[in-house]
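Below is one structure, written out as structure tokens, with a few remarks after it.
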Amino acid sequence: MTKPFIQDLVNDMTLDEKLAQLTQLGPHYWGLDDTVDLTGPFKELNIEPHVMESIGSVLNGIGARNVIGMQAQHLQKSRQKIPLLFMADVIHGYRTILPIPLAMGCSFDLEACEKFAEIAARESAAAGIHVTFSPMTDLVRDPRWGRVMETSGEDPYLNARVAESMVRGYQGTNLKEKGRIAACVKHFAGYGAPEGGREYNTVDMSSGILREYYLPAYQAAVNAGVAMVMAAFNTVDRLPATGNQQLLRGILRGEWGFSGVTIADFNSVNELIPHGAAQDGGEAAENSLAAGLDMEMMSTHYLNHGADLIQQGRLDPAWIDEAVIRVLELKDALGLFENPFKDADPAVDEAAEPCKEHLQAARELGARSVVLLKNDNETLPLKRGMKIGLAGPFAASVRVLGGWAGKERDSAVSLYSGIRQKTAAGDILMAMTGELGSMLEGFFDVEDETEEAYNVLKDCDVILAAVGENQQDTGEGGSKSNLRLSANQEKLIWRLKDTGKRVVTIVFSGRPLELNPILAASDALLQAWFLGTESGNSLADALFGDYNPSGRLSMSFPYTVGQIPVYYNAFQTGRPYDPKYPQVRYVTRYLDCPNDPLFCFGYGLSYSHFTYSGFAVETADRITASIEVENTSDIAGKETVQLYIRDVSASVVRPVKELKGFRQLSLAAHEKQRVSFEITREMLMFYGKDDQLVFEPGEFDIMIGRNSGDHETQRIWIG
Ligand code: GLC
């Protein structure tokens with residue numbers, strides 16, 4: 001039910017004022033230099049000053065002082081005193097930069113994900129931000145795509161749980177509360193599946209695949225009460241999402257009952273034209289408004305063509321009114337009509353030091369997000385007093401915040417600094433620490449100082465090779481066709497191996513890289529991702545065992561880029577490969593590469609050792625699956641017990657397994673616990689041939705284990 005004061009405002013608005021309310025522009029249109037990088041085309045839009053007074057929202061206008069100034073000036077000129085809505089890309093923290101979301105997905109720790117969002121909300125609210133364009137919950141299977149760093153991975157169930165946690169963390173239960181901001185889930189829908197992993201490329205999939213894999217996490221965010229949804233750049237069934245009525249009005253609003261605000265991506269209304277889905281700006285505006293897209297970002301076709309479209313009978317004025325009402329309702333939910341400055345607080349925003357509590361939390365979130373991929377002969381944890389060699393472009397780099405870190409590009413704790421906190425300077429020797437520049441600036445490799453590194457480090461007790469990709473070569477516009485480490489980085493690792501000392505390879509990246517070429521040279525392998533401000537401290541905690549690694553992969557690591565897409569929840573095909581018969585030719589296989597990834601979804605090691613026993617599936621009144629997990633080591637640790645299910649045969653083919661639950665157990669040394677999962681028919685529902693959710697009786701494989709490739713299995717009939 002629309003509040004009377006909102007209805008009165010809309011009734012009083014001119015058409016131009018309504019169309020301006022549905023338009024979002026960057027701060028430079030208010031004469032402020034852009035506070036963050038532009039991720040799309042910027043053009044002079046020649047907007048009349050009187051129209052600027054009615055614009056509804058600002059993109060990436062950040063900083064308490066900026067926001068207060070802009071809002072005050074706007075309200076002075078706004079005829080109806082409708083406050084501006086400030087939205088920004090707070091993707092993994094604002095002032096305290098947190099681990100990239102792909103790393104947070106590896107924590108399998110939903111409380112940690114909620115805390116991640118709470119911290120980001122508090123800091124960005126103090127900077128005057130009202131809405132964040134997060135969580136990005138696009139399911140991904142192709143690490144060539146640079147934006148895998150911004151999402152929580154390849155699994156619908158994990159993505160859904162993380163999305164819910166982040167919406168709760170950002171929004172709380174009342175947007176008017178201090179330190180809360182509205183969340184905007186993105187990019188609806190299927191943006192994570194561009195052909196070839198090439199940014200902004202065509203997305204094409206069946207509606208069944210879309211519904212089964214890609215939509216659940218957006219729906220989870222909607223069910224968790226997310227305030228906004230951002231439409232994606234890409235096509236969905238040959239129609240750009242931004243102007244796709246079936247997607248926005250049909251599924252999002254019709255089936256899911258979403259009543260919040262939808263917004264275009266940067267210039268994406270305009271991009272209906274190059275897509276070939278609109279002849280001109282008028283048709284782009286017509287298609288987008290007809291599809292139920294409320295706000296236009298960084299283009300002005302609503303403003304420029306709205307009146308003509310109505311006059312020509314191509315646009316129903318009611319679509320505009322309903323969109324304006326939704327925008328005003330969001331402003332009201334945030335309390336902006338009572339307090340248009342909300343939590344903007346220059347004293348907090350401009351404090352000399354970030355909040356200590358947030359830094360400590362960032363350090364802990366980072367430690368939970370690293371994934372120990374190999375640890376032969378207990379190379380790790382490091383021991384204080386060891387002579388530690390440190391080499392590689394990320395040994396002392398502070399450029400490990402990850403993409404979308406605003407202007408704070410180089411304020412992280414480096415790996416060296418983190419280690420130095422734990423051991424004497426004299427116990428650390430360094431070599432070949434020159435940074436790896438960005439490919440966009442022409443850097444494809446580091447200086448080759450391998451021989452010097454060999455000579456300097458050859459007498460150390462253990463050598464850490466800190467390698468990876470430049471953080472600017474990940475994120476939006478960061479697609480790559482080659483996922484290997486650069487030649488000199490691979491050469492360094494192998495040469496360090498020649499010392500005969502233990503080599504620990506630490507990989508800084510925003511995506512799964514192709515690590516097979518250096519795996520045999522690494523006695524231990526730690527996926528470090530980009531962990532944000534406290535990176536070096538988080539890594540040092542994990543390397544020295546002050547935090548026992550508990551991360552599990554949220555995305556498969558391919559053997560080779562030629563294997564992509566490789567993901568765990570795939571279909572079996574009619575000619576499944578059986579590793580017991582490697583000579584059989586006519587089955588689904590490569591001649592030169594395994595079908596399985598190098599490291600599978602859910603995989604990760606710990607310094608503890610966990611055994612699983614007593615797997616049991618009970619089918620009495622309720623169906624439960626349980627197993628006993630024992631920490632057989634002397635080291636307390638966390639184990640993420642994972643439940644997978646396979647629907648063996650159904651009216652459409654079903655994945656060989658699907659994650660349906662996980663439980664993170666904290667086990668003391670030699671402690672054991674039985675963990676139990678209830679299996680409900682709702683869990684087993686899927687989208688049948690007619691895109692309707694169905695449950696079909698039949699045989700199901702129930703699996704519980706430590707990852708998608710290592711589990712117990714029992715087949716049962718469920719009627
Ligand atoms: C960008 C991104 C989107 C972001 C928006 C605003 O191009 O696609 O994720 O939120 O523009 O910066």
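Counting convention: from 1, in listed order, for ligands and their atoms alike. When reading the values below, keep in mind they use all heavy atoms of this one structure, side chains included, and skip hydrogens, waters and symmetry mates.
- The closest donor-acceptor contact from the side chain of Arg253 to the backbone of Gly260 lies under 3.5 Å.
- Here Phe86 and Trp30 keep their ring centres 6.0 angstrom or further from each other.
- Checked by distance only, ligand 1 and Tyr191 stay at 3.5 Å or farther apart across all their nitrogen or oxygen atoms.
- Close to ligand 1: Arg147, with a non-hydrogen atom less than 4.0 angstrom away.
- For ligand 1, the atoms closer than 4.0 angstrom to any heavy atom of Phe233 are 7 (O), 8 (O).
- Heavy atoms of Glu150 come nearer than 4.0 angstrom to ligand 1 in no pair at all.
- Every atom of ligand 1 with a heavy atom of Phe266 under 4.0 Å away is listed here by number and element: 7 (O), 11 (O).
- Counting all heavy atoms, side chain and backbone alike, Leu248 lies closest to Thr242 at CD1-O, 3.7 Å.
- For ligand 1, the atoms sitting less than 4.0 Å from at least one non-hydrogen atom of Lys186 are 3 (C), 4 (C), 9 (O), 10 (O), numbered in the order shown with element in parentheses.
- For ligand 1, the atoms sitting less than 4.0 Å from at least one non-hydrogen atom of Thr39 are 1 (C), 7 (O), 11 (O), 12 (O), numbered in the order shown with element in parentheses.
- Close contacts of ligand 1 with Leu59, meaning ligand atoms under 4.0 Å from a residue heavy atom, involve 6 (C), 12 (O).
- One finds no salt bridge joining Lys115 and Glu118 here, because no Lys/Arg side-chain nitrogen approaches an Asp/Glu carboxylate oxygen to under 4.0 Å.
- With hydrogens and angles left out, the side-chain atoms of Ser438 and Asp473 include a donor and acceptor closer than 3.5 Å.
- Although no hydrogens or angles enter the test, the distance criterion places a donor-acceptor pair under 3.5 Å between the side chain of Thr262 and the main chain of Gly292.
- Close contacts of ligand 1 with Phe133, meaning ligand atoms under 4.0 Å from a residue heavy atom, involve 10 (O).
- Here the protein heavy atom with the shortest distance to atom 2 (C) of ligand 1 is Glu476 OE1, 3.1 Å.
- Side-chain atoms of Thr96 and Glu123 form a donor-acceptor pair, as typed in the model, at a separation below 3.5 Å.
- Using 4.0 Å as the threshold, Met136 has no heavy atom nearer than that to any atom of ligand 1.
- Taking the ring centre of Tyr170 as origin, the terminal cationic atom of Arg168 falls outside the region bounded by 6.0 Å and 45° from the ring axis.
- For ligand 1, the atoms closer than 4.0 angstrom to any heavy atom of Asp265 are 1 (C), 2 (C), 3 (C), 4 (C), 5 (C), 7 (O), 8 (O), 11 (O).
- The closest heavy-atom contact to atom 12 (O) of ligand 1, among the options Asp89, Thr132, Asp138, Ile91, comes from Asp89.
- Taking the six-membered ring for Trp, Tyr94 and Trp404 have ring centres at least 6.0 Å apart.
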